[in-house]
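What follows is a single structure, written as C-alpha cells, with notes after it.
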Amino acid sequence: MSTTAALPMDRFATSTGRVVIAAIVFVVCLIMLKLVTTTGMQDLLGYTQKTQARVPTFLVRMVFLLAAIAAAFFFVTGLSYYKRNKVAVAPWLFLSVGLVLFMIYVIVPIFQSISYSFTRWDGLYDFNGVWTGEWVGFHNYKVLFQDPNFYTSLWNNLLWLVLFMLAVPIGLFIALFLNQTVTGIRIYKSLFFFPFVISQVVVGLIFTWAYNPEFGLLSEVWSWFFCETKTNIVGNLTRVCSPEPPSILGDSTYATYGIIAAGLWPQIAYCMILYLTGLNNISSDQIEAGRLDGAKGWKMLRHVILPQLKPATFIAIVVTVIGALRSFDMIATMTQGGPFGSTNVLAYYMYDQAVGEGVGRYGYGSAIATILFLIMLVYISYFLWRMYQDEVEAR
Amino acid sequence: MKLSITHSIASIVAATFMSTAAVASDLVITFDDLNPDKKAAYEAAVEAFKAANPDINVIANNGDREAHKGTIRNALQNDAPDVITWYPGNRMGPFVDAGLFTDISDLWASDPNLADKFNAIKPTMSRDGKQCGVPYSYYQWGVYYRKDIYDKLSLSEPATWDELLGNCDKLKEAGVTPFTIGTKFLWTAAGVFDYLNLRTNGYDVHNDLTAGKIKYTDDRIRATFANWEEMLDRCTFVSTHATMSWQDAIAPFANGDAAMYVMGNFSVGQYKDAGLTDEQIDFFQFPEITPGLPRAEEAPADAFFIPAKAKNVENAKKFLAFVATPEVQGEWNKTIGQLPPNADAEINADDKFIVEGMATLSTAAGLAQFYDRDAPAAMAKEGMQGFQKFMLDPSTLDEVLENLDKVQAEVYK
C-alpha cells in the first residue's frame, strides 16, 4: 500500500537536483551572454586585439544562448507542476521558442515601427548609442496625406490587386486546357509551370530587356513594321522608326502595367498548378451524372466543375493577393519606382524613403508602413475569420 | 561574410603563432568601388602603405558602391572599420552631426600636405569649421562631345548659350540627336540641372538652393528651368532616356547618333571601351549663360573618413596622412583617370581630358559637389525625380516645383 502511494507521489515531485543545476546553468549562461557582448569579455577570450571580433563572439554568443534555452527546458521539465500538467503545458513549451522569436522579430518591431512613425529620425544612433530622433506627433501623417507620391503608390497598389486577379481565371483556363491525356502532356505542363520556378528577379530582368526600346524583343518586332535602317553621319548603321517604339518602362502611363504583366507571368503558372491538382480530385461520378442530365461545355464548367474547385479557387485568390502585395521585388528590379516615382507601391515607397540610397526618412517611412499595415489588417482579418469559420464548420 | 570568417580564422591562427610580435596592430579599411581601375588603384595604395608600415596588419575590404550607401549606417554604428570611404559636403552631414566620424582637424593642422596643399577642397571637407576626412580623388564635369561629328559639320566648341543652341540646330538638321543621357537612376539629370543653375544664377544662388535657403518656385530657379526648357526644345535629348543607365546612354553616343553628353570625367574610360578614340571625342566646359557670371564647376570628391568607433585611430590617421601625400595621390589618380586633390601631385600629362580638367577646375570660381551630395539625401531624391519628370514632360513644371517646395520645407529642419 505504502509503496504504491509513494510511487506516483515520487513521479510528480520536483526533481530538486536537476532543477537547481538547470537554474544555475541558466543564470550562468545569461551572465556569460551579457559579458560576451561587452569588450572586457572579448579581451578575455583574446580575440579583439588581434582580429575583427565579429565572428568569434557571434559563435560564443550562440553557444551560450542555446545552452541557456536548454537549461530553461531542463528547469521547467524538472518541476512537479510540469509533471502534473504535462498535457496542457507541453504544447506551450514547444511553442515557446517560436513564440519568443515571433515576439522579437515580428510583434515588437510592428510596435516599434508604429512608434517611429510619430518621430522625425534619420535612422542613426550617435556615438554613445543615443537615439537621434525627435518626437513630432502626427506630423508625418499630415505630410503623408498631402504627398502626391503617396496617392500614386496607393493607386498602384490598387491596380496591382485588381489586375493581378487576372491570374486566377487565366490560370484556370490554362489548367483546363492542359488537363488532358496527350502524349508529352507532362512536358507541356512543365513548360507552362516553368516561369513560377525561376526567381522574381530573373523574371523582372527578362521583361526589362524585352521592353527595352533600343534592343528589346518588343522593339525588334516593332522594327519589322515601322523602322528602316539608315546610315548616320559617321557612317554607322542606325535605326530610324516612325512612330518610335513604345518605351514601356520609361513612360509613366504604361510602366506600372508593364510591371504587372511581368508579375502575372509566374503568377498565372502558380494558379494553373493549383487548379491542375484541383482538377485531379474532381469526382468522375458527378461529371458523368451531369453528362446524363445533358450538361456540357459552359454549363458543365459553371455548375459541376467550378463548385468542386472551390478550395483551389480560395487558395489561388489568397496567394494572388499575397503576390500582389509582394510586388516589391519586381519593382525593385525593373524600375526602382521610376520614372519619377510613378511605379511606386506603398511597400517600395516606404523602403525608398527609409532605407533606400540613404534617404533616411525613417519616421516618414514608418508612417507609410503603418498605413500599409492598417490596409493589410483588413485583408488579414477577413482571411483569418474565413479560416476560423471553416474550422468551425469542419467540427 | 565567408571572407570575414576565413579572415578571422586565419588571423587567429596567425596571432597564436606570432604571439611574440604582440606589438603588431591592425588597420581595417573599407573601400567601396569594385570597378577594375578603381580597385587596382586602391589595392596598389594599400600595398604601398603595407610596405611603408610593416608593423601594421592591414585588413583591406572592398565592396559595391551602391550597396555601401546602405551598409555604411550599420558599419558606423556597430562594427566600425578604422577607415571608411564616404562623400564630403552635405552627404557627410548626418554622420558628422551624430558624432559618428572622428574629427581630424588636428591632422589637417599638423600634416604638411593637408595643411597647405588641399586649400581648394578644404571647405568641402569641413563642417562647422572642423575637418572629418581626407579626399583621395575628384574629377571635373562638363560636356563630352564627338569631335568627328563637330568637324564634319564644321562646328566649334560653344562658349556661350546661343552658340550651343546654334550647334544643336545644325546637329538636328544633320539628323543627329544633340544630347544623350540616361536618367533611369536619376542623378544624371541632376548634372544638367546643376550646370544650368550654376551658369544661370551662379555658385552662391546654387549653394543657397541646395542649402534650403531659396525656394524652388523662386524666380531665379524658374529662370534656370526656362533655360532648361529651351534646351529640351532646341537641344533634344535622346527620347528613351528614362529607361537607360548612364552606361546605356553611351551606345547612341558611340554609334554617332548623339553628339554630346553632360558627364563626369570618370566616363572617359567607358567611351574608349565602346570603341571611341581620343581623336573622336573631346571636352568643353559647359557654356556661359548669364554673361559675366564667375564660372563655377562641378567637382565631386571621394574621401576617406575615420569612424568614431574605430579601434585603431592612430593607424587610421597614419593611413590618411599617407593617402594625402603627393606621390600616392598622383599614382592613384593616374590609374583611375581622375584628378588628385593635392596641388603638388603629378597629373598624367598625356591624358588630354585630365589636363583640360585640371585647367577647368583650377580656374573655377567655386566648386559644387553635385546635387545629390550638396542637398540632403531626402531632398536630392525628390529633386532628381522632379528633374526627370520635367524632362519627360516640361508642362509639369509648376507641379514639380510646388512639390519640391513642400519637400524642402519638410527636409530642412
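Numbered from 1 within each chain, the chains take letters A, B, ... in sequence-line order.
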Study note, to complete from the structure: When the 4.5 angstrom heavy-atom criterion is applied to B:Asp257 and chain A, the contacting part is both

Revision key, fill the gap. Correct closest heavy-atom pair for A:Asp122 and B:Arg73 would be O-NH1, 2.5 Å

Review point. Of the backbone (N, CA, C, O) and the side chain (C-beta and beyond), which part of B:Gln280 lies under 4.5 Å from a heavy atom of chain A, both, or neither?
Key: neither

Check your understanding: What parts of residues 240-253 of chain A touch chain B if we use heavy atoms and a cut-off under 4.5 Å?
Key -> A:Glu244, A:Ser247, A:Leu249, A:Gly250

Point to revise | Contacting region of B:Leu76 [heavy-atom separation from chain A under 4.5 Å] | key: neither

**Study point:** Under-4.0 Å salt bridge between A:Arg120 and B:Glu410
**Key:** yes

Review point. Could you give the distance from CZ (A:Phe215) to CG (B:Asp248), rounded to the nearest 0.5 Å?
Key: 6.0 Å

Revision key, fill the gap. Nearest heavy-atom contact between B:Phe185 and A:Gln336 is CE2-OE1, 3.5 Å

Exercise for review: State, with a plain yes or no, whether a side-chain heavy atom of B:Lys406 is found less than 4.5 Å away from one of A:Asp147.
Suggested key: no

Check your understanding: Near B:Lys172 NZ, under 6.0 Å, is it more than 12 heavy atoms from other residues, nucleotides or ligands?
Key -> yes

**Study point:** Side-chain (B:Gln388) to main-chain (A:Pro339) donor-acceptor, under 3.5 angstrom
**Key:** no

Revision key, fill the gap. In terms of heavy-atom pairs under 4.5 Å with chain B, the winner among A:Asn149, A:Thr335, A:Thr132 is A:Asn149

Review point. Looking at A:Val234 and B:Lys152, what are the two nearest heavy atoms and their distance?
Key: CA-NZ, 3.9 Å

Check your understanding: Would you find more than 12 non-hydrogen atoms of other residues, nucleotides or ligands less than 6.0 Å from A:Trp135 atom CH2?
Key -> yes

Revision key, fill the gap. Bottom line for B:Lys389: the part with an atom under 4.5 Å from chain A's heavy atoms is both

Study note, to complete from the structure: For B:Ala254 and A:Asn236, the nearest pair of non-hydrogen atoms, with its separation, is O-ND2, 4.1 Å

Practice item. Might you point out which heavy atoms bring A:Ile233 and B:Ala174 nearest each other, and give the distance in Å? Key: CD1-CB, 4.0 Å

Review point. What part of A:Asn232 lies closer than 4.5 angstrom to a heavy atom of chain B: side chain, backbone, both or neither?
Key: side chain

Review point. For atom CZ of A:Phe226, is the number of surrounding heavy atoms from other residues, nucleotides or ligands below 6.0 Å larger than 12?
Key: yes

Point to revise | Top contributor to chain A contacts, counting heavy-atom pairs under 4.5 Å, from B:Glu382, B:Glu399, B:His68 | key: B:Glu382

Review point. Is the count of non-hydrogen atoms from other residues, nucleotides or ligands lying under 6.0 Å from A:Arg239 atom CZ greater than 12?
Key: yes

Review point. What do you reckon, is CZ of A:Phe138 surrounded by more than 12 foreign heavy atoms closer than 6.0 Å?
Key: no

Check your understanding: Using non-hydrogen atoms only, which part of B:Ala189 is less than 4.5 Å away from chain A: side chain, backbone, both, or neither?
Key -> neither

Practice item. Check whether any side-chain heavy atom of A:Leu124 sits under 4.5 Å from a side-chain heavy atom of B:Leu100, and report yes or no. Key: yes

Review point. So, B:Gln77 and A:Asp126: side-chain donor and acceptor under 3.5 Å apart, yes or no?
Key: no

**Study point:** Contact origin within B:Ser239 toward chain A - heavy atom pairs under 4.5 Å
**Key:** side chain

Practice item. Below 4.5 Å from any heavy atom of chain A, which atoms of B:Asn255 appear? Answer side chain, backbone, both or neither. Key: both

Exercise for review: For A:Arg361 and B:Val407, work out which heavy atoms get closest and say how close.
Suggested key: NH1-CG1, 4.4 Å

